[in-house]
Novice: 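Please see the structure below; I have some questions.
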Amino acid sequence: MGQFLSRFGIRLGTRINEHEINRIPIHHKCRNCGQGCDPTKSTNTCVNAKFTRTGTKDQVSIIRPIIPNDKVRWSTSFDYHPIEFTSEKIRTSTKEYVDRDPRQDPNVQIPWNLDDRLCDRRSYHGTYKIIGRVPQNPCGRTGITGRGHLGHFGPNHAADPIVTRWKRDENGQEIIHPSTRKPILQFVAIRRKDTNELAIPGGMVDKKEKVTDTLQREFQEETLNFPDLDERSKHNLLATIKDIFENGGIRIYCGYVDDPRNTDNSWMETTAYNFHDGKNEHLAKINVHGGSDALCAFWHDLSGEVSLFASHSEFLQRVADIHRAHW
Ligand code: BGC
């Protein structure tokens, strides 16, 4: 990630501001082959990394064909035999927000690459191709066609709020890591109900919802579950969150993510924002409590040694870089 930032003219070890963050292109690097995804190129230059090609815990019966790193791009010829898979839950869903399959019903017309106000079908990686009436994953082969567990063909948008504070001792002093000599950050973590993995409390953007609202909603649902809190305190807490989330975040990432649910026709894209309470004034004081899709919520030290869901480690590493914290 360090090299990634410096490639775009941002000196490492300096605190960068939101303006600079927003200048950073939304590429990400494949953990397997180290190549970058370049959404500015219409050819398939992006590469699916580790999780996209392995599967999920709730997808154990689906074994994806192995795709060597150098065969992931669509432009590389490959004797490719993907497995068609759309979960029963998705196939039989009658929800307005779940797509019908245009390959099975010629009457289904989906406004690809557009925001039809019910659903934003635009990709952060530009215009995606439609092949055989369905979108083609801009980051290459995944081993599975169909939607897998995802509701939409094409991009499925999520949002990830990364709430951080400094780890402090009982006297309020920042704790320095003995090996890196850098202060240690803590972030609000959850344990996901679906995969049991440690994660950022993010979630899917609902129909007609703005990403900024998703960030707030997901944080509230998954980490601010206080059934015993009186109405007044609840109101004050939510007002603080609203104020901070609407005014103080730094965009960390937006784009395609290496997610175990990705298929050749459906994939995850996310927007991650960091909300940092460096002075222990507001967010840092919240004793989070899990709810909704989270088994539990807690403050957790940021470090490269923690294993996290999907691409969440990469986002946290970037947060650590920005605040010059231990990783
Ligand atoms: C998760 C997000 C994650 C996204 C992409 C969503 O289901 O809730 O935290 O970033 O998937 O992996």
Side-chain angles (χ1 to χ4, degrees), residues 1 26 28-31 37 46-59 87 89-90 97-98 119-120 123-125 137-139 142 144 147-152 154-164 187-207 209 211-224 245 249 251-263 266-275 288 290-298 300 302 306-319:
M1 190 62 79
I26 52 177
H28 82 288
K29 264 189 170 181
C30 167
R31 265 173 291 198
C37 296
C46 309
V47 182
N48 283 314
K50 206 160 91 189
F51 303 116
T52 296
R53 288 181 284 145
T54 52
T56 62
K57 284 184 184 153
D58 57 350
Q59 214 175 279
S87 77
K89 191 171 157 200
I90 295 296
Y97 198 51
V98 171
C119 169
D120 189 353
S123 165
Y124 289 118
H125 292 253
N137 186 323
C139 294
T142 68
I144 292 182
R147 268 168 300 166
H149 294 277
L150 297 173
H152 294 305
N156 288 253
H157 293 285
D160 288 299
I162 305 170
V163 171
T164 51
F187 75 107
V188 174
I190 58 153
R191 192 156 291 282
R192 288 176 67 106
K193 273 188 190 160
D194 58 352
T195 66
N196 207 34
E197 284 166 289
L198 203 65
I200 298 163
M204 309 300 286
V205 178
D206 279 351
K207 67 178 175 193
E209 193 175 47
V211 166
T212 45
D213 295 331
T214 314
L215 289 165
Q216 257 183 80
R217 180 179 53 72
E218 288 291 339
F219 188 71
Q220 280 171 29
E221 287 175 4
E222 296 191 352
T223 75
L224 303 178
F245 272 49
R251 193 176 73 171
I252 296 299
Y253 180 77
C254 84
Y256 185 95
V257 272
D258 176 20
D259 184 286
R261 292 162 294 188
N262 293 345
T263 73
S266 297
W267 60 92
M268 289 299 311
E269 297 193 5
T270 199
T271 307
Y273 265 81
N274 176 216
F275 303 97
V288 289
S292 183
D293 296 334
L295 280 174
C296 52
F298 42 90
H300 198 285
L302 236 81
V306 186
S307 158
L308 290 150
F309 175 76
S311 303
H312 290 187
S313 278
E314 289 173 27
F315 307 154
L316 293 180
Q317 184 175 9
R318 191 156 183 193
V319 170

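Every number for a ligand or one of its atoms is a count from 1 in the order of the listing.
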Novice: Can you label the angle between the Phe275 ring and the Tyr273 ring as parallel, tilted or perpendicular, going by 30° and 60°?
Specialist: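 The arrangement is parallel - the two ring planes meet at less than 30°.
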Novice: Using a strict 4.0 Å cut-off to heavy atoms of Ala310, name the atoms of ligand 1 that fall inside it.
Specialist: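 Answer, ordered by atom number: 12 (O).
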Novice: Among all protein heavy atoms, pick out the one at the shortest distance from atom 12 (O) of ligand 1; state its residue, atom name and that distance to 0.1 Å.
Specialist: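 Among all protein heavy atoms, the one nearest atom 12 (O) of ligand 1 is Asp259 OD2, 2.5 Å.
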Novice: Scan Thr270, Thr271, Asn274 and name whichever one has a side-chain hydrogen bond (donor to acceptor under 3.5 Å, both in side chains) with Asp160.
Specialist: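 Only one of Thr270, Thr271, Asn274 forms a side-chain hydrogen bond (donor to acceptor under 3.5 Å, both in side chains) with Asp160, namely Thr270.
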Novice: In the protein, what heavy atom is nearest to atom 11 (O) of ligand 1, and what distance, to one decimal place, separates them?
Specialist: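 Looking at atom 11 (O) of ligand 1, the protein heavy atom closest to it is Arg261 NH2, 2.8 Å.
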Novice: What atoms in ligand 1 come closer than 4.0 Å to a heavy atom of Gly203?
Specialist: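 Reading through ligand 1 atom by atom, the close ones are 8 (O).
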Novice: Pull out every atom of ligand 1 sitting under 4.0 Å from any heavy atom of Val257, numbered as shown with elements.
Specialist: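 Those of ligand 1 that fall under 4.0 Å from Val257 are 5 (C), 12 (O).
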Novice: Using side-chain contact (heavy atoms from CB on, under 4.5 Å), reason through Tyr253 and Glu314 one step at a time and then give a plain yes or no.
Specialist: CA-CA 9 Å; Tyr253 180 77; Glu314 289 173 27; over 6 Å; no
Novice: Can you report which non-hydrogen protein atom sits closest to atom 10 (O) of ligand 1, along with the distance?
Specialist: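 Of the protein heavy atoms, Asp160 OD2, 2.5 Å lies nearest.
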Novice: Can you check which of Glu222, Glu269, Arg192, Met204 brings a heavy atom nearest to atom 1 (C) of ligand 1?
Specialist: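 When every heavy atom of Glu222, Glu269, Arg192, Met204 is considered, Arg192 comes closest to atom 1 (C) of ligand 1.
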Novice: Could you state the interatomic distance from CG (Asp120) to NE2 (His157), rounded to the nearest 0.5 Å?
Specialist: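 Going from the CG atom of Asp120 to the NE2 atom of His157 covers 4.5 Å.
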Novice: With no hydrogens and no angle check, just 3.5 Å: does a side-chain donor-acceptor pair link Ser266 and Asn156?
Specialist: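 Judged by distance alone, the side chains do not pair up.
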Novice: Shortest non-hydrogen contact from Phe219 to Pro161?
Specialist: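 The pair with the smallest heavy-atom distance is CB-CG, 4.0 Å.
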Novice: Using a strict cut-off of 4.0 Å, indicate which atoms of ligand 1 neighbour a heavy atom of His312.
Specialist: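 Matching atoms, with element in brackets: 2 (C), 3 (C), 9 (O), 10 (O).
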Novice: Looking only at atom types and distance, does a side-chain atom of Arg191 sit under 3.5 Å from a main-chain N or O of Asn196, one as donor and one as acceptor?
Specialist: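 Judged by distance alone, yes, a pair lies under 3.5 Å.
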Novice: Taking only non-hydrogen atoms of Glu218, do any sit less than 4.0 angstrom from ligand 1?
Specialist: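 No heavy atom of Glu218 comes that close to ligand 1.
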Novice: Looking at Met268, which atoms of ligand 1 are within less than 4.0 Å of one of its heavy atoms?
Specialist: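 Every atom of ligand 1 under 4.0 Å from some heavy atom of Met268: 4 (C), 5 (C), 11 (O).
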Novice: Looking only at distance, does Ala158 have an N or O less than 3.5 Å from an N or O of ligand 1?
Specialist: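 It does not: no N or O of Ala158 is found under 3.5 Å from an N or O of ligand 1.
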Novice: When you look at Asp206 and Arg217, which way does the side-chain contact (heavy atoms from CB on, under 4.5 Å) test go after all the steps?
Specialist: CA-CA 10 Å; Asp206 279 351; Arg217 180 179 53 72; 3.5 Å; yes
